[in-house]
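Contents: one structure, followed by commentary.
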Amino acid sequence: MQEPEGPRTEVPEPEATRRAAGVTESSRANRGWWDRNADEYQTEHGTFLGDARFVWCPEGLDEVEAELLGPSEELTGKDVLEIGAGAAQCARWLAAQGARPVALDLSHRQLQHALRIGGSFPLVCADASVLPFADGSFDLACSAYGALPFVADPRLVLREVRRVLRPGGRFVFSVTHPLRWAFPDEPGPEGLSVSGSYFDRTPYVEQDEEGRAVYVEHHRTIGDRVRDVATSGFRLVDLVEPEWPEWNTSEWGGWSPLRGHLIPGTAIFVCERD
């Protein structure tokens with residue numbers, strides 16, 4: 001006879017705060033967060049992302065039109081590293097263009113979703129600040145909202161990406177537009193009024209009852225991002241701020257048509273290694 005279940009203990013909601021969070025704490029917290037929330041994330045956003053599309057941002061900018069990595073016909077035979085790949089939708093699109101992608105993510109559970117969808121390219125579970133690849137392994141690297149918003153020192157990631165790129169290699173990454181940090185993360189009218197300083201770089205942290213971080217996101221100003229790119233050995237080729245398209249009627253967290261038509265939500269940095 002099955003024993004009756006005892007009373008369930010509800011897990012308290014984490015406390016949202018702004019406080020310092022270093023490299024190790026940020027990595028540990030975000031690995032756990034993405035492992036716990038990968039299922040919900042893929043359920044909620046999987047249709048928008050598709051199984052084999054390369055979407056840069058909630059605005060819906062597609063690499064088919066943007067060609068930030070270069071013309072699609074020139075991707076054939078290129079070795080490409082996708083950082084923060086999630087379910088590897090972008091890597092799957094790259095493979096369909098004839099590229100040889102490798103999909104890397106901090107979260108084991110996210111990569112299990114990549115296995116579920118399928119693909120013939122390698123999946124690697126690793127921290128983006130310590131890439132497990134030899135120098136000069138890739139022609140291109142890309143990251144659509146992967147790793148860079150969540151690391152305490154983005155220069156560690158940028159320097160690692162430069163190391164594994166061949167001379168002349170390109171790295172393109174998208175992040176939340178830094179201006180958004182001055183506004184509440186709300187899709188409605190309440191998200192249109194400045195509520196904090198754009199220059200406050202204190203990380204956003206969600207922590208448990210014992211004060212342990214369970215999610216961390218880091219803010220860098222536009223100037224910070226440009227300096228990070230330059231001091232890490234890259235040349236900034238372009239900075240893309242996608243406008244909200246009329247066809248996109250969806251909301252994604254704090255992204256919405258209302259806000260998207262008025263303030264930028266995404267910044268995409270196109271960088272090249274000399």
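All figures in this text were calculated on a predicted structure; none of them were measured in a lab.
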Does a side-chain N-to-carboxylate-O contact under 4.0 Å join Asp51 and Arg92?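 Judged by the 4.0 Å cut-off on N to carboxylate O distance, Asp51 and Arg92 do not form a salt bridge.
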- Would you call Glu160 and Arg163 a salt bridge, taking side-chain N to carboxylate O under 4.0 Å as the test?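 Salt bridge: yes.
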Reported [atom1]-to-[atom2] distance for the pair [X] and [Y], which is rounded to 0.5 angstrom:
X      : Y      : atom1 : atom2 : value
Glu209 : Glu15  : CD    : CD    : 10.0 Å
Arg116 : Leu111 : CZ    : CG    : 12.5 Å
Arg100 : Leu75  : CZ    : CG    : 12.0 Å
Arg170 : Cys271 : CZ    : SG    : 9.0 Å
Phe183 : Tyr198 : CZ    : OH    : 11.5 Å
Arg220 : Leu148 : CZ    : CG    : 10.5 Å

Below 4.5 Å, heavy atoms only, C-beta onward: do [X] and [Y] meet side chain to side chain?
X      : Y      : value
Gln207 : Thr17  : yes
Cys142 : Leu94  : yes
Val102 : Phe133 : yes
Pro14  : Asp208 : no
Pro132 : Leu104 : yes

message = For Trp181 together with Tyr204, are the ring centres under 6.0 Å from each other?
response =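 No: the rings miss the under 6.0 Å criterion.
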Donor-acceptor pair, side chain of [X] and main chain of [Y], under 3.5 angstrom:
X      : Y      : value
Arg180 : Pro264 : yes
Arg259 : Gly254 : yes
Asp228 : Pro154 : no
Glu63  : Leu69  : yes
Ser27  : Val23  : no
Arg212 : Ala29  : no
Arg155 : Thr231 : no
Arg31  : Leu106 : yes
Asp105 : Gly86  : yes
Arg53  : Cys90  : no

Query raised in the report: Given the rule in the side chain to side chain donor-acceptor pair (under 3.5 Å) test, do Arg109 and Gln112 qualify, once you have shown the distances and angles that lead to the verdict?
Result: CA-CA 5 Å; Arg109 185 59 180 165; Gln112 285 182 318; 2.7 Å; yes
Is the count of non-hydrogen atoms from other residues, nucleotides or ligands lying under 6.0 Å from [X] atom [atom1] greater than 12?
X      : atom1 : value
His108 : NE2   : no
Glu65  : CD    : yes
Glu67  : CD    : yes
Glu73  : CD    : yes

Quick check on the hydrophobic clustering: are [X] and [Y] connected, directly or via other members, by side-chain heavy-atom contacts under 4.5 Å?
X      : Y      : answer
Phe171 : Val237 : no
Trp56  : Val80  : yes
Trp93  : Leu68  : yes
Leu239 : Val172 : no
Tyr41  : Phe150 : yes

Steps toward side-chain contact (heavy atoms from CB on, under 4.5 Å) verdict (Val205, Glu25): CA-CA 10 Å; Val205 177; Glu25 183 180 26; 5.6 Å; no
Closest contact, heavy atoms only, [X] versus [Y]:
X      : Y      : answer
Val214 : Trp33  : O-CB, 3.3 Å
Val229 : Leu158 : N-CD1, 4.0 Å
Ser250 : Trp244 : O-CZ2, 3.4 Å
Ile83  : Ala147 : CG2-CB, 3.8 Å
Gln97  : Ser72  : OE1-CB, 4.0 Å
Val55  : Ala144 : O-CB, 3.8 Å

Report task. Might you work through the side-chain contact (heavy atoms from CB on, under 4.5 Å) test for Ser232 and Arg162, ending with a clear yes or no? Result -> CA-CA 8 Å; Ser232 299; Arg162 184 187 184 279; 5.9 Å; no
Tell me whether the rings of Phe173 and Phe269 are parallel (<30°), tilted (30 to 60°) or perpendicular (>60°).
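Rings of Phe173 and Phe269: parallel, as their planes differ by under 30°.
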Parallel, tilted or perpendicular, as decided by the 30° and 60° cut-offs, for the rings of Trp247 and Phe48:
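Ring orientation of Phe48 relative to Trp247: parallel.
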TODO: Let me see the working for Asp200 and His219 under side-chain contact (heavy atoms from CB on, under 4.5 Å), right down to the final yes or no.
DONE: CA-CA 8 Å; Asp200 181 3; His219 170 48; 5.8 Å; no
Would you check if there is a donor-acceptor pair between the side chains of Gln89 and Gln42 at a distance under 3.5 Å?
->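 Note: Gln42 and Gln89 side chains meet the donor-acceptor criterion.
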- Would you sort out whether Val151 and Ser129 count as a side-chain contact (heavy atoms from CB on, under 4.5 Å), showing the intermediate values? CA-CA 8 Å; Val151 296; Ser129 62; 5.6 Å; no
